[in-house]
S.K.: 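First the structure, which I've put down as structure tokens, then a few questions once you've had a look.
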Amino acid sequence: MHRFQEIEARQEASLVVVYGRRRVGKTELIEQYFRERRLIKFEGLEGASPEAQISHFLYQLSKYTKDPLVSQLKFGSW
């Protein structure tokens with residue numbers, strides 16, 4: 001919660017990565033804490049390769065931005 005407070009105090013766009021076991025409330029925690037702020041969520045693919053993770057991220061980003069060309073971008077690493 002302390003880290004979330006620091007991020008919120010910045011008043012600028014930020015990227016927050018939360019990881020951990022399944023079904024423990026990670027998404028709910030983020031959604032509730034930042035419920036008054038604009039929030040865009042990306043979900044990873046369990047057990048997928050880095051290449052598949054990046055491709056899935058770009059797919060999700062293309063949906064949020066409504067720009068199909070985003071999903072065609074190519075990156076070798078994060």
S.K.: Please say yes or no: joined through hydrophobic side-chain contacts below 4.5 Å, possibly via intermediate residues, are I40 and I30 part of one cluster?
M.R.: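 No, I40 and I30 fall in different hydrophobic clusters.
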S.K.: How long is the span from the CZ atom in F75 to the CD1 atom in I54, to the nearest 0.5 Å?
M.R.: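 So the gap between those two atoms works out to 8.5 Å.
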S.K.: Check whether L39 and M1 end up in the same hydrophobic cluster, where Ile, Leu, Val, Met, Phe, Trp and Tyr are linked by side-chain heavy atoms less than 4.5 Å apart.
M.R.: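 Yes, one cluster joins them.
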S.K.: Flag yes if Y64 and V70 sit in one hydrophobic cluster, no otherwise; membership is Ile, Leu, Val, Met, Phe, Trp, Tyr, and two members link when side-chain heavy atoms are under 4.5 Å apart.
M.R.: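 Same hydrophobic cluster.
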S.K.: If you count every heavy atom of other residues, nucleotides or ligands that lies below 6.0 Å from R23 atom CZ, does the total exceed 12?
M.R.: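 Not more than 12 within 6.0 Å, no.
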S.K.: Enter the distance from L58:CG to D67:CG here, rounded to the nearest 0.5 Å.
M.R.: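 So the CG of L58 and the CG of D67 are separated by 11.0 Å.
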S.K.: Run the side-chain contact (heavy atoms from CB on, under 4.5 Å) check on L29 and V18 step by step: do they pass?
M.R.: CA-CA 10 Å; L29 172 67; V18 178; 5.6 Å; no
S.K.: More than 12 heavy atoms of other residues, nucleotides or ligands under 6.0 Å from CD of E6: is that the case?
M.R.: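 Check passes, neighbour count above 12.
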S.K.: Going from CD on Q11 to CZ on R37, what distance comes out if it is rounded to the nearest 0.5 angstrom?
M.R.: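 Answer rounded to 0.5 Å: 5.0 Å.
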S.K.: Would you indicate whether K63, at its atom NZ, is surrounded by more than 12 heavy atoms from other residues, nucleotides or ligands within a distance under 6.0 Å?
M.R.: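 Counting other residues, nucleotides and ligands, NZ of K63 stays at 12 neighbours or fewer.
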S.K.: For F42, look at atom CZ and say whether over 12 heavy atoms of other residues, nucleotides or ligands are found less than 6.0 Å away.
M.R.: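 Yes, the 6.0 Å shell around CZ holds more than 12 heavy atoms from other groups.
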S.K.: If every non-hydrogen atom of G44 is compared with every non-hydrogen atom of Q53, which pair is closest and at what distance?
M.R.: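 In this case the closest contact between G44 and Q53 is CA-OE1, 3.3 Å.
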S.K.: How long is the gap from OG on S71 to NE2 on H56, to the nearest 0.5 Å?
M.R.: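 Result: 12.5 Å between the selected atoms.
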S.K.: Working to the nearest 0.5 Å, report the span between OG of S62 and CZ of F57.
M.R.: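 Rounded to the nearest 0.5 Å, the OG-CZ separation comes out at 10.5 Å.
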S.K.: For the CD atom of Q60 and the NZ atom of K41, what is their distance to the nearest 0.5 Å?
M.R.: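 One gets 10.0 Å once the value is rounded to the nearest 0.5 Å.
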S.K.: Hey, is CD on E46 packed in by over 12 heavy atoms from elsewhere, all under 6.0 Å?
M.R.: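 No.
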S.K.: Hydrophobic clustering (ILVMFWY, side-chain heavy atoms < 4.5 Å, transitive) - are L73 and L69 grouped together?
M.R.: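 Unlinked, L69 and L73 end up in two clusters.
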